[in-house]
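Quick note: residue numbers are just sequence positions, from 1. Source: prediction; values computed, not measured.
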Amino acid sequence: MNKWTREETIIAFNVYCKIPFKNSNKTHPMIVKYAKIIGRTPSALNMKIGNLGRLDPKLHKMGIVGLAHGAKMEKEIWDEFYKDPDKLAYESECLIAKLENRDLEGKLGIDIDHLPEGKERLSLIKQRVNQSFFRSAVMSSYNFRCCISGVRNPELLDACHIVDWSEDRNNRSNPENGLCLNSLFHKAYDKYLMAITPDYTVIISDEMIEKTEDENFKEYLVGLHNKKLILPCRFYPKPEFLDFHYQKYLAK
């Protein structure tokens with residue numbers, strides 16, 4: 001088999017970000033799908049995911065080390081893209097669309113007839129690509145589970161920005177700027193009715209508790225206050241992002 005190319009390794013990194021690491025195996029539908037796109041076997045792509053896992057510092061902290069050996073290319077791609085998720089999202093999705101013989105707009109289901117031309121068009125496409133990547137990376141990192149309530153119904157979950165995308169252009173696609181929250185807690189977090197401290201402690205506001213009439217749910221909210229966040233398997237929320245939101249919560 002030929003050596004892995006830069007393009008194939010970038011796509012493998014894209015897949016790495018979209019699958020909970022413990023669920024990665026040669027029969028996983030996403031592994032099978034993307035292996036076919038890049039012309040590799042599912043076993044080969046799954047092994048590449050394992051090789052990338054050896055480079056992930058968050059997995060190391062959890063005692064998960066991935067595969068022991070890997071190629072030089074994997075380290076180069078990791079170093080280039082790990083801290084630049086916007087670049088990873090756009091470049092990898094462009095490569096995937098090219099291999100599928102589709103334009104990026106069609107792949108994302110964007111109505112090209114209503115898009116402006118030039119730089120504005122490109123900006124909107126990149127924004128859509130990055131939003132999709134952010135959601136996939138955040139949801140998989142939390143194993144499709146709300147990090148406060150533990151709810152696992154995907155249709156009830158959102159990928160929530162810690163620092164709003166309008167306030168930090170450089171971290172709009174960064175999964176370390178994300179939380180997997182159910183829709184209620186997402187709204188409450190955005191409205192500063194709850195917060196998470198830099199040491200991952202959940203804070204429920206007095207206002208949210210006091211305006212809850214149902215005693216059972218009020219008791220549930222009180223029980224959540226000062227509990228620890230359910231942490232993801234990778235892409236831990238950055239303390240500085242949490243603190244930015246927390247300080248705004250305190251000032252509210």
Side-chain angles (χ1 to χ4, degrees), residues 17-24 53 56-65 82 85 131 133-168 171-252:
C17 293
K18 293 179 177 177
I19 300 179
F21 188 74
K22 67 178 184 179
N23 294 348
S24 181
D56 194 325
K58 298 300 185 298
L59 293 183
H60 280 226
K61 287 184 178 180
M62 299 173 66
I64 303 171
V65 296
Y82 182 69
Q131 286 172 343
F133 176 85
F134 175 80
R135 175 177 171 78
S136 295
V138 170
M139 299 287 273
S140 68
S141 295
Y142 286 89
N143 292 307
F144 300 91
R145 176 177 60 177
C146 173
C147 61
I148 294 177
S149 69
V151 166
R152 285 188 176 273
N153 303 70
E155 64 272 18
L156 300 178
L157 300 176
D158 299 328
C160 167
H161 283 90
I162 299 170
V163 180
D164 189 79
W165 68 274
S166 64
E167 297 180 291
D168 189 346
N171 286 289
R172 290 179 174 180
S173 304
N174 187 351
E176 293 180 333
N177 186 33
L179 299 167
C180 181
L181 295 173
N182 68 53
S183 299
L184 171 63
F185 287 156
H186 183 180
K187 188 75 170 180
Y189 190 81
D190 285 351
K191 296 296 183 181
Y192 302 101
L193 292 170
M194 62 190 306
I196 299 165
T197 67
D199 67 350
Y200 307 123
T201 300
V202 177
I203 304 295
I204 307 294
S205 70
D206 291 340
E207 180 182 355
M208 188 171 182
I209 293 172
E210 290 168 1
K211 289 188 176 181
T212 299
E213 294 185 2
D214 182 85
E215 290 301 322
N216 289 327
F217 193 65
K218 180 179 288 189
E219 184 177 347
Y220 169 68
L221 291 176
V222 171
L224 289 177
H225 185 68
N226 282 331
K227 281 204 167 184
K228 288 295 184 179
L229 195 73
I230 301 171
L231 289 171
C233 63
R234 61 188 172 201
F235 300 128
Y236 277 32
K238 275 194 173 182
E240 53 262 46
F241 295 154
L242 292 171
D243 190 52
F244 181 88
H245 179 277
Y246 183 51
Q247 294 304 319
K248 296 189 76 169
Y249 163 85
L250 293 175
K252 182 176 178 291

Full working for side chain to side chain contact (heavy atoms under 4.5 Å, CB included) between F185 and L224 | CA-CA 12 Å; F185 287 156; L224 289 177; 3.6 Å; yes
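By the 4.5 Å heavy-atom criterion applied to side chains, D168 and F241 are counted as neighbours. Side chains of Y82 and E176 form a contact here, defined as non-hydrogen atoms less than 4.5 Å apart. Looking only at side-chain heavy atoms (C-beta outward), P175 and P85 come within less than 4.5 Å of each other. At a threshold of 4.5 Å between non-hydrogen side-chain atoms, the residues I148 and L229 count as touching. L231 is not listed as a side-chain neighbour of C147, based on a closest heavy-atom distance of 4.5 Å or more. No side-chain heavy atom of N177 sits less than 4.5 Å from a side-chain heavy atom of P237. Proximity of L179 to I196: side-chain heavy atoms (C-beta onward) are separated by under 4.5 Å at one or more points. Taking 4.5 Å as the limit, some side-chain heavy atom of F134 sits within range of a side-chain heavy atom of H161.
The heavy-atom pair separating F217 from T212 by the smallest distance is CD2-CG2, 3.7 Å. Taking both residues in full, the closest heavy atoms of V138 and C180 are given as CG1-N, 3.9 Å, listed atom of the first, atom of the second, then distance. Across L157 and R135, no two heavy atoms sit closer than the pair O-NH1, 3.5 Å. Contact detail for P20 and R234: the closest heavy-atom pair is N-NH2, 3.9 Å. For the residue pair I230 and Y142, the shortest heavy atom distance occurs at O-CE2, 3.6 Å. Here the closest non-hydrogen pair linking F21 and G53 is CE1-CA, 3.8 Å.
The existence of a salt bridge linking K218 and E213 is excluded, since no basic side-chain nitrogen approaches an acidic carboxylate oxygen closer than 4.0 Å. Salt bridge absent: E167 and R172 never bring a charged side-chain N and a carboxylate O closer than 4.0 Å. A salt bridge is defined here as a Lys NZ or Arg NE, NH1 or NH2 lying under 4.0 Å from an Asp or Glu carboxylate O, and K228 with D199 meets this definition.
For the atom pair CG (L184) and OH (Y189), the distance works out to 15.0 Å, reported to the nearest 0.5 Å. Here L181 contributes atom CG and L156 contributes atom CG; the two are 12.5 Å apart, rounded to the nearest 0.5 Å. Note that the NZ atom of K187 and the CG atom of D158 stand 10.5 Å from one another [nearest 0.5 Å]. How far OG of S141 is from CD1 of I19: 12.0 Å, rounded to the nearest 0.5 Å. Taking CG of L193 as the start and CG of L221 as the end, the distance is 10.5 Å to the nearest 0.5 Å.
The closest donor-acceptor contact from the side chain of S136 to the backbone of F133 lies at 3.5 Å or more, if one exists at all. With D164 contributing its side chain and S166 its backbone, the two residues share a donor-acceptor pair below 3.5 Å. Formation of a donor-acceptor pair under 3.5 Å by the Y192 side chain with backbone atoms of S205 is not found in this model. Listed for the T201 side chain is no donor-acceptor partner under 3.5 Å among the backbone atoms of T197.
The aromatic rings of Y236 and Y200 sit perpendicular to each other, their planes meeting at more than 60°, with 30° as the lower class boundary.
Checking N182 against S149 by side-chain atom types alone, a donor-acceptor pair falls below 3.5 Å. A donor atom on one side chain and an acceptor atom on the other are not found under 3.5 Å apart for Y220 and E215. Residues N171 and N174 have side chains that bring a donor and an acceptor to within less than 3.5 angstrom of each other.
For the side chain to side chain contact (heavy atoms under 4.5 Å, CB included) with I203, the qualifying choice from K227, M208, H225 is H225, the only one to do so.
A 6.0 Å sphere centred on CD of E240 holds more than 12 heavy atoms belonging to other residues, nucleotides or ligands. With a 6.0 Å radius and a threshold of 12 heavy atoms from other residues, nucleotides or ligands, K22 has its NZ atom at or below the threshold.
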